[in-house]
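To start, the structure itself, in structure tokens.
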Amino acid sequence: MDLIARSEAPLIARPLYALPVGHRWGRRPGLTLIGDATHLISPFAGEGANLAMLDGAELAQAIVADGDDIEAALASYEAAMLPRSERAASYTGAGLDMRFNDQALRPLVDFFQSVRSGVEA
Ligand SMILES: Cc1cc2nc3c(=O)[nH]c(=O)nc-3n(C[C@H](O)[C@H](O)[C@H](O)COP(=O)(O)OP(=O)(O)OC[C@H]3O[C@@H](n4cnc5c(N)ncnc54)[C@H](O)[C@@H]3O)c2cc1C
């Protein structure tokens, strides 16, 4: 709290955007998406950049494996990527709810205390 109260710079409220959990689109020939363009999520799981890099790596692998059939490559990439990003969107949504709720930060403090108890046990 002191860090914010004693800060000399003005507070800038920045909006956070996220696509709905489970957001999907129909297959378009020759086209797919990676990273935030596919699965924009709030930053409360620390997963967005990790997902983006994994998407890029797996898309490259799929194209190498199915190089003669680009539609098969894109379909196999999306078959793994879409459920994975949906799982990440679900738990980052839970992280968002933990921080922004009518009990202020209490659920977040409880979470860290439960992690600490687990480490000490
Ligand atoms: C506050 C915050 C904290 C985060 N913390 C973490 C974390 O701890 N761990 C983690 O893994 N992720 C984290 N993320 C998420 C992570 O930053 C993103 O998921 C990641 O940057 C997505 O990469 P990307 O390449 O898909 O998109 P971006 O990084 O958004 O890159 C897209 C690029 O395309 C450019 N662009 C857009 N439109 C055009 C156009 N028309 N023509 C040309 N260029 C264009 C943009 O300028 C941008 O450079 C955080 C995000 C935020 C906001």
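Both counts, for ligands and for their atoms, begin at 1 and track the order of listing. In this chain, residues are counted from 1 in sequence order.
Between the choices Ala49, Ala88, Gly56, the shortest heavy-atom distance to atom 13 (C) of ligand 1 belongs to Ala49. When Ser42, Ala37, Gly46 are ranked by how near their heavy atoms come to atom 6 (C) of ligand 1, first place goes to Gly46.
Of the protein's heavy atoms, Ala52 CB, 4.7 Å lies nearest to atom 25 (O) of ligand 1. The closest protein non-hydrogen atom to atom 52 (C) of ligand 1 is Pro43 CB, 3.8 Å. Residue, atom and distance of the protein heavy atom nearest to atom 27 (O) of ligand 1 are Asp36 CB, 4.1 Å.
For atom 10 (C) of ligand 1, the nearest protein heavy atom lies closer than 4.0 Å. Protein heavy atoms are absent from the space less than 4.0 angstrom from atom 33 (C) of ligand 1. Within the 4.0 angstrom cut-off, atom 3 (C) of ligand 1 has one or more protein heavy-atom neighbours. For atom 44 (N) of ligand 1, no protein non-hydrogen atom is found at a distance below 4.0 Å. In this structure, atom 39 (C) of ligand 1 has no protein heavy-atom contact shorter than 4.0 Å. There is a protein heavy atom closer than 4.0 angstrom to atom 50 (C) of ligand 1.
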List, one per line, each side-chain donor-acceptor pair under 3.5 Å for residues 101-108, sequence neighbours excluded.
{"from": "Asn101", "atom 1": "OD1", "to": "Gln103", "atom 2": "N", "distance (Å)": "2.7"}
{"from": "Asn101", "atom 1": "OD1", "to": "Ala104", "atom 2": "N", "distance (Å)": "3.4"}
{"from": "Asn101", "atom 1": "ND2", "to": "Asp97", "atom 2": "O", "distance (Å)": "2.9"}
{"from": "Asn101", "atom 1": "ND2", "to": "Met98", "atom 2": "O", "distance (Å)": "2.9"}
{"from": "Asn101", "atom 1": "ND2", "to": "Ala104", "atom 2": "O", "distance (Å)": "3.3"}
{"from": "Arg106", "atom 1": "NH1", "to": "Asp110", "atom 2": "OD1", "distance (Å)": "3.1"}

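Ion pairing between Glu58 and Arg84 holds under the 4.0 Å rule for side-chain N and carboxylate O. Note on Glu71 versus Arg27: salt bridge recorded, some NZ/NE/NH1/NH2 to OD/OE distance being below 4.0 Å.
If you number the atoms of ligand 1 from 1 as listed, the ones under 4.0 Å from a heavy atom of Gly35 come out as 26 (O).
Remark: side-chain polar atoms of Arg14 are not paired, donor with acceptor, to backbone N or O of Ile12 under 3.5 angstrom.
With Arg87 as the fixed residue, the side chain to side chain contact (heavy atoms under 4.5 Å, CB included) test singles out one of Ser90, Pro83, Ser85: Pro83.
Counting Ile, Leu, Val, Met, Phe, Trp and Tyr side chains that sit under 4.5 Å apart, directly or through other members, Leu96 shares a hydrophobic cluster with Leu16, Phe44, Phe100.
There is a side-chain donor-acceptor pair under 3.5 Å between Tyr91 and Glu47.
With rounding to the nearest 0.5 Å, the separation of CD1 in Ile63 from CD1 in Ile70 is 4.5 Å.
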